[in-house]
Chemist: 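What follows is a single structure, and I will ask about it in a moment.
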Amino acid sequence: MSTSKLKPRTSSRISQSENSSFISLSMDTLPHPIDDATVEIETGITQSAISEDESLSKSKSNYIPPWTEPYIIGIAGNSGSGKTSISQQIVQNINQPWTVLLSFDNFYKSLNPSESARAFNNDFDFDCPDSLDFDLLVSVVEDLKRGQKVNIPVYSFTSHNRTNKINTIYGANVIIIEGLYALYDPRLLAMMDLKIYVDTDLDVCLARRLTRDILYRGRDLKGAIKQWENFVKPNAVKFLNPTLHNADLIIPRGLDNTIAINLMIKHIKNQLLSKSRNHLINLKQLGNSIKNFKIENYSNVKILPVTNQTRVINSILFDKKTNRDDFIFYFNRISRLLIEFASQNFFTNVFNKRIDCVRCNSHSGVELKQVSIAVNIIRSGDCFNTSLKKTFPDIIIGKLLIQSDSRTGEPQLHFESLPKNLGTNDTVMLFDSQFISGAGAIMAIQVLIDHNIKEENIIIITYLSTEISIRRILHVFPNVKIVIGKLSSMEKPNDKLWYNEEEILDTSWPFRNRFIDSLYFGTD
Amino acid sequence: MASSHEISNNVILLPQTNQLIGLYSIIRDLSTKRGDFVFYSDRIIRLLVEEGLNQLPVEPSIIKCHGDHEYKGAKFLGKICGVSIVRAGESMEMGLRDCCRSVRIGKILIQRDEETALPKLFYEKLPEDISERFVFLLDPMLATGGSAMMAVEVLLSRGVKMERIFFLNLLAAPEGIKAFQEKYPKVKIITGGIDEKLDENKFIIPGLGDFGDRYYGI
């Protein structure tokens, strides 16, 4: 798994942070593979907490996915003050997935022909606020907060126009808005959590700007000086310098001021930590309020019937003496059963169809409405691939990478690859081999819903699941369809449960450790 | 919940879900191309094999999981083998092998005697120890049951216990089931669909044509 492969999309101006934590994550190593999220979440649940709350309610709870409350940082400063370098340092240091760097450079308004001619003659004012499309930027940030896909234009400095290229971004945990006028528009200011002004001496800025314009942007000295004198400096004094008063934090001397930058990064990290704590607390509280939880009350949850074969297959998969050959073989068998079981229960949409048989004309048959999209949660859901292709050979397969942060245990979305133009009529099968805390599944469902899939059109299929994760999922998404191979119980059941005759608990080893994908793929 | 059930004595029918009826509609359809016919037949066969395997006994066993956890599980009990009736029955061997990798498979060739019009045994090759095994008898269509009953006779003569024979087929006619139940009440029939009737030529109606011809293309 290489970092570059998983990096969702990059461009020079918009970059998702590279994240190394998903390589070093210890959650799915076999010898002590305790899902960080699980440990913390599971211990937060006491038995009394389950029974004291209100009765079985199917009311929707407010799960707030982390990207609807992104941490937004604005960085303003003079041209050549070092804003871009400081933004990049922040991106590198906070090391968060789904960090979006929005540069004002891509939000210049398109020029009309006469403006364009002036621009080529170094005679157009790019440095006043009017040249920027604030409305577009505001709507991009608002859409990101709503969990919607946004299209970000790509501006070309050589043609002084927007190019045909568009960068599509979905979901942001941290948004860094960087540009001359980042602290100018009151609508943006209102959304920002941290406002930074980089205050570098104008002489230093000019020196840097000349170097950059002449060496890297192919301008001549005369033109560059003209720009500076006519536009950059007057605008800085008139529009930019006053925005300093909007800042929470002013960094004098720009990039050279390492102490200030380090302090700032420390502050941002603390803020993010408390944000992810809140997310976890939010997750922990889910699912507890359901009293007398009975799986039978949910017609949208189906558990694979217990048969002699499933008893033995479960045993083989749980047994530590089972070799990998057998493990893969028997996992493929049970995953095939799960997919067939899911189709029997939920792929019930059919059209009546008259068919001609060999010895019988116009026999009444049915035509299946094929489910055409599957989404695997990497990599646990990929264990279903073999069976999936044997059942639905031409299905489209999307991917989501969700991992728990090794420090906080917070689930984080690292990568998504979904078909374009998903519609409200599409049914999606979502695969994961284990639900432990349920946090990853909740996030995955939210991602699909953000992509226009209806809740009731999501069929989420897993081999093992804890009761707490099902409660949580149902609490947030009461209409999502769930297919489970084997379900454990939160506490020792009072009555015999047909699906859990062994009375296996959420806290038992196979249910609290992510081992299926490790054994299936043979890598910790 | 969709699970298979015994519709009458020792006859197990796969749950007639829309999904399954959809699969059958494809293989019944005359215009279905061979590739699809094979693919969807194989999907049904897999379901039949899994259902058949579910009939086998298991014994409780304590499993040692990782992390020193003990699990009250189960393990397989007894050995099985497959016996296919050449040629159509051989189409079901792969489905069986996909679930039981090293299963032994015996063969029986039965053909209609030109002179008497009765089924006649031409060839048999069965595992030596077949009398100790559970036997999965494979033949996709149960019409009159003539050849399958002759195959059962062969198995019984080799010492197989009647209650250890499971007859797997995709389509059965009520007449065939009845004949079987009367003659071999302890043989379990596992089928995916029970059709209306046999016609005057003893073909299943509506049926799906000659399974072997459509599966093998000859």
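In what follows, chains carry the letters A, B, and so on, assigned in the order in which the sequence lines appear, proteins first and then strands, with residues in each chain numbered from 1.
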Chemist: What part of Leu337(A) gets within 4.5 angstrom of chain B, counting heavy atoms only: side chain, backbone, both, or neither?
Modeler: side chain
Chemist: How close do Phe318(A) and Ile63(B) get, heavy atom to heavy atom, and via which atoms?
Modeler: C-CG2, 4.2 Å
Chemist: Are there over 12 heavy-atom neighbours, none belonging to Asn201(B), within less than 6.0 Å of that residue's CG?
Modeler: yes
Chemist: Indicate yes or no for a side-chain donor-acceptor contact from Gln309(A) to the backbone of Leu53(B) under 3.5 Å, with no hydrogens or angles considered.
Modeler: yes
Chemist: Take Thr17(B) and Phe341(A) through the test side chain to side chain contact (heavy atoms under 4.5 Å, CB included) and record every step on the way to the result.
Modeler: CA-CA 10 Å; Thr17(B) 59; Phe341(A) 181 64; over 6 Å; no
Chemist: Measuring heavy-atom distances to chain A, does Asp199(B) have an atom under 4.5 Å in its side chain, in its backbone, in both, or in neither?
Modeler: side chain
Chemist: Hey, what do you get for NE2 (His66(B)) to CG (Leu519(A)), rounding to the nearest 0.5 Å?
Modeler: 5.0 Å
Chemist: Between Leu20(B) and chain A, with a heavy-atom cut-off of 4.5 Å, which part of the residue counts as in contact: side chain, backbone, both or neither?
Modeler: neither
Chemist: Count the heavy atoms of every other residue, nucleotide or ligand shown that sit under 6.0 Å from CZ of Arg87(B), and state whether that count exceeds 12.
Modeler: yes
Chemist: What pair of heavy atoms forms the shortest contact from Ser25(B) to Val366(A), and how long is it?
Modeler: OG-N, 2.9 Å
Chemist: Looking at SG of Cys357(A) and CG of Asp195(B), how far apart are the two atoms once the value is rounded to the nearest 0.5 Å?
Modeler: 8.5 Å
Chemist: Salt bridge check, Glu340(A) against Arg43(B): does any charged N sit closer than 4.0 Å to a carboxylate O?
Modeler: yes
Chemist: Among Lys353(A), Arg311(A), Arg336(A), which has the most heavy-atom pairs under 4.5 Å with chain B?
Modeler: Arg336(A)
Chemist: Quick one: list whatever passes salt bridge (Lys or Arg N to Asp or Glu O under 4.0 Å) with Glu503(A), sequence neighbours left out.
Modeler: Lys492(A)
Chemist: Is it true that Asp42(B) and Lys390(A) have a side-chain N and a carboxylate O under 4.0 angstrom from each other?
Modeler: no
Chemist: Would you name the heavy atoms of Ser315(A) and Gly73(B) that are closest together and state the gap between them?
Modeler: OG-CA, 3.1 Å
Chemist: Output the distance between atom CD (Gln19(B)) and atom CZ (Phe347(A)), rounded to the nearest 0.5 Å.
Modeler: 7.0 Å
Chemist: Looking only at heavy atoms, what is the nearest atom pair of Val58(B) and Asn308(A), with distance?
Modeler: CG2-OD1, 3.5 Å
Chemist: Among Ile21(B), Leu56(B), Asn18(B), which residue forms the greatest number of heavy-atom pairs with chain A at distances under 4.5 Å?
Modeler: Asn18(B)
Chemist: Can you say whether Ile313(A) sits under 4.5 Å from chain B via the side chain, the backbone, both, or neither, judging by heavy atoms?
Modeler: neither
Chemist: Tell me, out of Asp98(B), Thr32(B), Leu208(B), who's got the most heavy-atom pairs with chain A below 4.5 Å.
Modeler: Asp98(B)
Chemist: Could you tell me which portion of Ile27(B) (side chain, backbone, both or neither) has an atom closer than 4.5 angstrom to a non-hydrogen atom of chain A?
Modeler: neither
Chemist: Using a strict 4.0 Å threshold on nitrogen-to-oxygen distance, state whether Arg101(B) and Asp326(A) make a salt bridge.
Modeler: yes
Chemist: Check side chain to side chain donor-acceptor pair (under 3.5 Å) between Glu502(A) and all other residues, then give those that pass, not counting sequence neighbours.
Modeler: Lys486(A), Tyr71(B)
Chemist: Among Leu368(A), Ile504(A), Val358(A), which residue forms the greatest number of heavy-atom pairs with chain B at distances under 4.5 Å?
Modeler: Leu368(A)
Chemist: So which of Gly22(B), Ser31(B), Ser61(B), Gly207(B) has the largest heavy-atom pair count under 4.5 angstrom toward chain A?
Modeler: Gly22(B)
Chemist: Are His69(B) and Thr507(A) close enough, and set up right, to give a side chain to side chain contact (heavy atoms under 4.5 Å, CB included), and what steps lead you there?
Modeler: CA-CA 10 Å; His69(B) 179 87; Thr507(A) 50; over 6 Å; no
Chemist: Identify the two heavy atoms, one from Arg359(A) and one from Gly209(B), that lie closest to each other, and give their separation to 0.1 Å.
Modeler: NH1-CA, 3.7 Å
Chemist: Find the distance between CG (Asn54(B)) and OG1 (Thr310(A)) and round it off to the nearest 0.5 Å.
Modeler: 7.0 Å
Chemist: Sequence neighbours excluded, which residues qualify as ring pair (Phe, Tyr, Trp, His ring centres under 6.0 Å) partners of Phe331(A)?
Modeler: Phe384(A), Tyr463(A), Tyr520(A)
Chemist: Do Asp29(B) and Glu367(A) have side chains that approach each other closer than 4.5 Å (heavy atoms only, starting at C-beta)?
Modeler: no
Chemist: Under 4.0 Å between a side-chain nitrogen and a carboxylate oxygen: does that hold for Lys75(B) and Asp319(A)?
Modeler: no
Chemist: Of the backbone (N, CA, C, O) and the side chain (C-beta and beyond), which part of Leu30(B) lies under 4.5 Å from a heavy atom of chain A, both, or neither?
Modeler: both
Chemist: More than 12 heavy atoms of other residues, nucleotides or ligands under 6.0 Å from CD1 of Ile62(B): yes or no?
Modeler: yes
Chemist: Closer than 4.0 angstrom, basic N to acidic O: yes or no for Glu50(B) and Arg333(A)?
Modeler: yes
Chemist: Might you point out which heavy atoms bring Cys65(B) and Lys320(A) nearest each other, and give the distance in Å?
Modeler: O-CD, 3.7 Å
Chemist: Contact part of Ser364(A) toward chain B, heavy-atom cut-off under 4.5 Å: side chain, backbone, both or neither?
Modeler: neither
Chemist: So which bits of residues 34-41 of chain B come within less than 4.5 Å of chain A, counting non-hydrogen atoms only?
Modeler: Phe39(B), Tyr40(B)
Chemist: Would you mind checking which part of Tyr330(A) comes under 4.5 Å of any heavy atom in chain B, side chain (CB onward), backbone (N, CA, C, O), both or neither?
Modeler: side chain
Chemist: Would you mind checking which part of Pro57(B) comes under 4.5 Å of any heavy atom in chain A, side chain (CB onward), backbone (N, CA, C, O), both or neither?
Modeler: backbone
